[in-house]
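Have a look at the structure below, then the notes.
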There are 2 protein chains.
Amino acid sequence: MDQDSHTSGTDETEQAERPTLKTLAFMTGLGVTTVSRALKDAPEIGAETRKRVQLVARQIGYRPNRAGVRLRTGKTNVISLVLDTEEQIGGFVSDMIYGISEALAPTPYHLIVTPYSRNNDPLEPVRYIVETASADGIIISRTEPDDKRVRYMTEHGFPFATHGRTAMGIEHPYHDFDNTAFAAQAVERLAALGRRRLALLAPPANLSYFHHMRDGFAEALAEHGLTEAPLTGVTVDHSIEAIRARTAEMMRRKVRPDGIVSGAGAATFALVAGIEDAGFRLGSDIDIVSKQASRLLHLLRPQIHVVNENVRLAGSELARAVMARIAGKPVASLQSLSRPDAVEAFGQDG
Amino acid sequence: MDQDSHTSGTDETEQAERPTLKTLAFMTGLGVTTVSRALKDAPEIGAETRKRVQLVARQIGYRPNRAGVRLRTGKTNVISLVLDTEEQIGGFVSDMIYGISEALAPTPYHLIVTPYSRNNDPLEPVRYIVETASADGIIISRTEPDDKRVRYMTEHGFPFATHGRTAMGIEHPYHDFDNTAFAAQAVERLAALGRRRLALLAPPANLSYFHHMRDGFAEALAEHGLTEAPLTGVTVDHSIEAIRARTAEMMRRKVRPDGIVSGAGAATFALVAGIEDAGFRLGSDIDIVSKQASRLLHLLRPQIHVVNENVRLAGSELARAVMARIAGKPVASLQSLSRPDAVEAFGQDG
DNA sequence: TCCAAAATCTGTAACGTTTCAGATTTCTGG
DNA sequence: CCAGAAATCTGAAACGTTACAGATTTTGGA
């Protein structure tokens, strides 16, 4: 029965060592194997034994040792969020993390944040995680149409989900905001306001959602018979100063836009500044429809038309998707697209 | 590249299993103990052997199995950032995470994010980590003068660092922004602008930095012979709407402030809205000096006077502090206070 | 040349978990 | 009442690492 009578356990006092399966086995008089199985509802354990073990486990607050499980099974119970750590003003990263945490909370999964610098190889952190098996699943963002990371993880059969879609003939879990619909709605609103010549402040051209947004923009432009005022050389990822300067420059030209679609909230701050630098007024000379993750734009200028992107939701969707993928669910059911709400407006005057 | 074409398991060919100490021992012809020691520069290993082992290890890309180390030694190589996940608009959490990541990057430490809801017990996640030994160190924020978590971790001898100081006679590592100095500088600026009656939009009263900020505010007020216009019932943590409404209310009273000190950037958005709701103008009727983590306020209204708080820096300081604490460095050297830069102004008119 | 001390190296035993291959007990039908 | 099947239970081994207690070799002093 009790083999370990003489061994190491010099814990005769009250100082409770953390209970292990052995502790539980001793307390219940069962073997450690039985205890292990009873706790995970294995079929070959008697109903009463199972209940008894689980009761005791709950009583003494048993929690499986993660290192033990991980060493034995290779399962880490970790989801890794891989993100680039360049300064992103008004970044939505916190919302994403909150969303992921929310989904992970009722599970045994922990969230680990793996950073990389945007000028390094984005594949590097992913490769590290896969090679060292330091997580069960990965969430990535800044997805590209032909994404090395997606290819790598797919080839290695490693579970993951992407924030944003790809276009490389690989089916994989993702969550995305429908930026095509957003851009189309934005153009439509501007058209309804009587605007004729529109500019688009787009994401960087290497990212998938650049194409989505641009497609929606271009198509709606055509549909409403509007023309484009190209806003080149600058993207939502550029610095406030760069966008501001470039916008002012554009506005000072003879042929300037009377409407702008902006892909990001922080960038819109810079847009507005640039417009006003050039001496124009929002709402009268020009209108802006902007996407935003945090609800501050209407406080900047109530004339801005906004579409809210729920990044927190994206986070929990992504977390759920990776976990489902880890559990072996088919990919097809793990792809979701978030349709934008209608464009909101707050008033013509402060 | 040759991907493991046939199904998941049974890779009989070149598909390299991850190397372990055993692999290394076999390759070098040494014992596994010797290899283990050679890799960590133990003194009883011959110089040549050491070099040889390290060379081979580097060649085949050996990386210690974290689960193995953790199970054997109890060392997790994990730092846990504990944070509350309530919606915090314009939250600085991303910056903090970037800062921590930066400091952790050249070390074997990983960052794990442990969330809790503000309405639950903040001690709960801390206790979980300590009890399950799931990290080597903890970073907490929203520090209170008499902080349960600090007491708990100290009593359990668990390494940690706090964002913000405490006042309970316990010495512990911290990093803090000097909010007393900030408030004093802010008041001074407002006094210099000829303002006489000032309001303070403060942090929640339970947090340490509420007291720091309020002390600096009150003292400077006295020093410059100014009076306070109390802005009660609302803190920087309240919703935009709440702050906005409360501010408008205050401004509509007969006795209203002609200057406001604001403890947070997002809250200042609401302040400005409230002021303008009531029909007053920034720069002429009233001035604001605000702290901000992200540099957007001057785009909201160039009249706002700002002091920047570098949260990214705070993050790396905190990370360095916990790691040093884990390494056994004395607490005294791990306390740092960040002095605010001078108040910045951007102009009197848009 | 020899012996002890120093310098190197090594096997075994854990850490806590799950899996494998039985062992034991209970049940069933004849 | 028994053989065999079913139902329960079990110890040993293994995952990769480090600590302990030796084992072996080399060195150096006499």
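All figures in this text were calculated on a predicted structure; none of them were measured in a lab. Proteins come first, then strands; the chains are lettered A, B, ... in the order of their sequence lines, and each starts at number 1.
With sequence neighbours left out, the salt bridge (Lys or Arg N to Asp or Glu O under 4.0 Å) criterion links A/R165 to A/D176. With sequence neighbours excluded, no residue satisfies side chain to side chain donor-acceptor pair (under 3.5 Å) with A/E131. Here B/N120 pairs with nothing under the side chain to side chain donor-acceptor pair (under 3.5 Å) rule; sequence neighbours left out. B/S94 meets the side chain to side chain donor-acceptor pair (under 3.5 Å) test with A/S94; sequence neighbours excluded.
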*Could you run down nucleotides 22-28 of chain C 5' to 3' and tag each one B, S or - for protein heavy-atom contact under 4.0 Å?*
-------

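Nucleotide C/dG16 holds its C1' atom 13 Å from the CD atom of A/E17, rounded to whole Å. Between the CG atom of A/L71 and the P atom of C/dT19 there is a distance of 13 Å, given to the nearest Å. In this structure, the CG atom of A/L21 is 12 Å from the P atom of C/dT19, given to the nearest Å. Across the protein-nucleic acid pair, B/K22 atom NZ and C/dG11 atom C1' stand 14 Å apart, rounded to whole Å.
Using modelled atom types, one finds no donor on one side chain facing an acceptor on the other under 3.5 Å when comparing B/T166 with B/D147.
Taking the charged nitrogens against the carboxylate oxygens, B/D84 and B/R118 do have a contact shorter than 4.0 Å, which makes a salt bridge.
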*Please step through side chain to side chain contact (heavy atoms under 4.5 Å, CB included) for the pair A/E17 and A/T23, ending with a clear verdict.*
CA-CA 9 Å; A/E17 285 298 305; A/T23 320; over 6 Å; no

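Residues in residues 54-64 of chain B take part in no salt bridge (Lys or Arg N to Asp or Glu O under 4.0 Å) pair, two or more places apart or across chains. Residue pairs satisfying the side-chain hydrogen bond (donor to acceptor under 3.5 Å, both in side chains) criterion with at least one member in residues 24-53 of chain B, sequence neighbours excluded, are listed as follows: B/D41-B/Q54.
Only one option out of B/E155, B/E144, B/H172 pairs with B/V150 in a side-chain contact (heavy atoms from CB on, under 4.5 Å); it is B/H172.
Counting heavy atoms from C-beta outward, B/I138 and B/F158 have side chains that approach closer than 4.5 Å. In this structure, the side chains of A/V56 and A/V35 stay at 4.5 Å or more apart for every pair of heavy atoms. A/Q335 is not listed as a side-chain neighbour of A/P173, based on a closest heavy-atom distance of 4.5 Å or more.
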Name the pairs: protein N/O against N/O of nucleotides 6-8 of chain D, kept only if under 3.5 Å.
none

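Interface residues of residues 72-80 of chain B facing DNA chain C, ordered by number: B/R72; criterion, heavy-atom separation under 4.0 Å. Remark: B/G29, B/L30, B/G31, B/T33, B/T34 in residues 24-35 of chain B come within less than 4.0 Å of DNA chain C through at least one heavy atom. Across residues 50-70 of chain A, not one residue has a non-hydrogen atom less than 4.0 Å from an atom of DNA chain D.
Of the side-chain N and O atoms in B/K40, one or more sit less than 4.0 angstrom from OP1 or OP2 of D/dT18.
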Residues 104-117 of chain A side chain polar contacts: donor-acceptor under 3.5 Å, at least two apart:
residue : atom : partner : partner atom : Å
A/T107  : OG1  : A/L104  : O            : 2.7
A/T107  : OG1  : A/Y109  : N            : 3.0
A/Y109  : OH   : A/K75   : NZ           : 2.7
A/H110  : ND1  : A/R66   : NH1          : 3.4
A/H110  : NE2  : B/Y128  : OH           : 3.2
A/T114  : OG1  : A/S80   : OG           : 2.7
A/S117  : OG   : A/E86   : OE2          : 3.1
A/S117  : OG   : A/N119  : OD1          : 2.3

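The aromatic rings of B/H163 and B/H175 sit parallel, their planes meeting at an angle under 30°, below the 60° perpendicular limit.
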